[in-house]
Enquirer: 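I have a structure here, written as structure tokens, and I will follow up with some questions on it.
The chain is numbered in sequence order, starting from 1. Indexing begins at 1, ligand by ligand and atom by atom, following the structure's order. Small disclaimer: the values here were computed from a predicted structure and weren't measured.
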Amino acid sequence: MKHANVSIFIPHAGCPQQCSFCNQRSITGQTQLTTPEQVKDTLERAAEHLKEKSHFAEIAFFGGSFTAIERSYMLSLLEAAAPFVRDKMFTGIRISTRPDAIDDEILMILRQYGVTVIELGAQSMDDRVLRQNHRGHTAEQVRNASKQIKKAGFSLGLQMMTGLWGDSVSGALQTAREVAQLDPDCVRIYPAIIMRDTELAERYLSGEYIPMTLEQSVELCGALLEFFEERNIPVIRLGLHSTPELLRDRLAGPWHPAFRELCESRLFLLRLKNAFTSQRILSGSFEIRVAPSWVSRAVGQKKCNVAELSALGYNVQIKSDPLVEPADFVLRSQTQPESR
Ligand code: SF4
């Protein structure tokens, strides 16, 4: 059964400051605070719509700093959601919050209300980058909160960003290494996008901050995706969701509606090139068989993978084959015996 989330956004609630890049109201497409009644309505409608599939779905509070919001408001949201978990209509509650808003008391409260997954916005493990972007917490607080969450038996999610003001490719790779050491159950990777009404927008307009290009970001995030996949850490989100507000308020930065697919496509090309190199194949004509769902990734946007391989001397034809696993491929030379 496919896993699903019923997402409830609480934009900026609980945030003690404004991070340099953040305009949650545009990112989530929501400007008003969610009320407990709205939570109940949303979940009743979702349970009705999902029917028996809801038994495999989670309730997710996203878009703010859940455990830092005013205590009685936080409890009212949990009280609205908890009966749906108690009655086994949903599997549990997932929240996202700040690393400096986790302690033993809050973990006990979250457990009582059926929270199962806690995601922390780590963003960077470099204190200088965190300071420059007004995150208001340190890398040490990410480490401590992660350990407390795991020790208390919750699933841990960690979110990191690439291309922040003052960060670099090597900085992002170091953040990924430190994030992996914390043994998260999942990660999310968000390239920094410049939204209107943010400090990053001001720095961009004054020429002080230059965002990564889409190509640079795809290359970096493709490498990060591979890094986490090799360690069996699921990357459950890569790039921001498209919302009308995001499209309206985005000033610049490496955003694409199919960002993850671009990264996977780039990774696929690298793996294919490696296969040619490791088999000492210098040129020729080849048939590449891939899972049906991977044909467009294998071909690349505007056939860019096919064109790049052709420029290197490999003429490839991509074929759909239901017997091939997603992300895998079967390479057949049209002049030599099959190799894999
Ligand atoms: S803590 Fe999260 S929601 Fe709050 S301003 Fe920073 S990025 Fe935005």
Enquirer: Check this for me, if you would: do Glu245 and Arg248 make a salt bridge, where the nitrogen-to-carboxylate-oxygen distance has to be below 4.0 angstrom?
Expert: no

Enquirer: What donor-acceptor contacts under 3.5 angstrom involve side-chain atoms of residues 269-277, with partners at least two apart or in another chain?
Expert:
residue : atom : partner : partner atom : Å
Lys273  : NZ   : Glu308  : OE2          : 2.7
Thr277  : OG1  : Lys273  : O            : 2.8

Enquirer: Compute the ring centroids of Phe268 and Phe329, then answer whether they are less than 6.0 Å apart.
Expert: yes

Enquirer: Using atom types as modelled and distance alone, determine if a side-chain donor or acceptor of Ser310 lies under 3.5 Å from a backbone N or O of Val306.
Expert: no

Enquirer: With Phe61, which residues qualify under ring-ring contact (aromatic ring centres under 6.0 Å, His included), at least two apart?
Expert: Phe66

Enquirer: Find all atoms of ligand 1 within a distance of less than 4.0 Å from any non-hydrogen atom belonging to Phe21, and give their numbers and elements.
Expert: 7 (S)

Enquirer: Give a yes/no answer: is there an N/O/S atom of Cys19 under 2.8 Å from atom 6 (Fe) of ligand 1?
Expert: yes

Enquirer: If hydrogens are left out, which of Gln159, Gln18, Arg98, Met161 has an atom nearest to atom 1 (S) of ligand 1, that is, the closest non-hydrogen atom?
Expert: Arg98

Enquirer: Which atoms of ligand 1 have any heavy atom of Arg135 under 4.0 Å away?
Expert: 1 (S), 2 (Fe), 6 (Fe), 7 (S)

Enquirer: Looking only at heavy atoms of Gln123, does any of them come nearer than 4.0 Å to an atom of ligand 1?
Expert: no

Enquirer: If the cut-off is 4.0 Å to any non-hydrogen atom of Ser65, which atoms of ligand 1 fall inside it?
Expert: 1 (S)

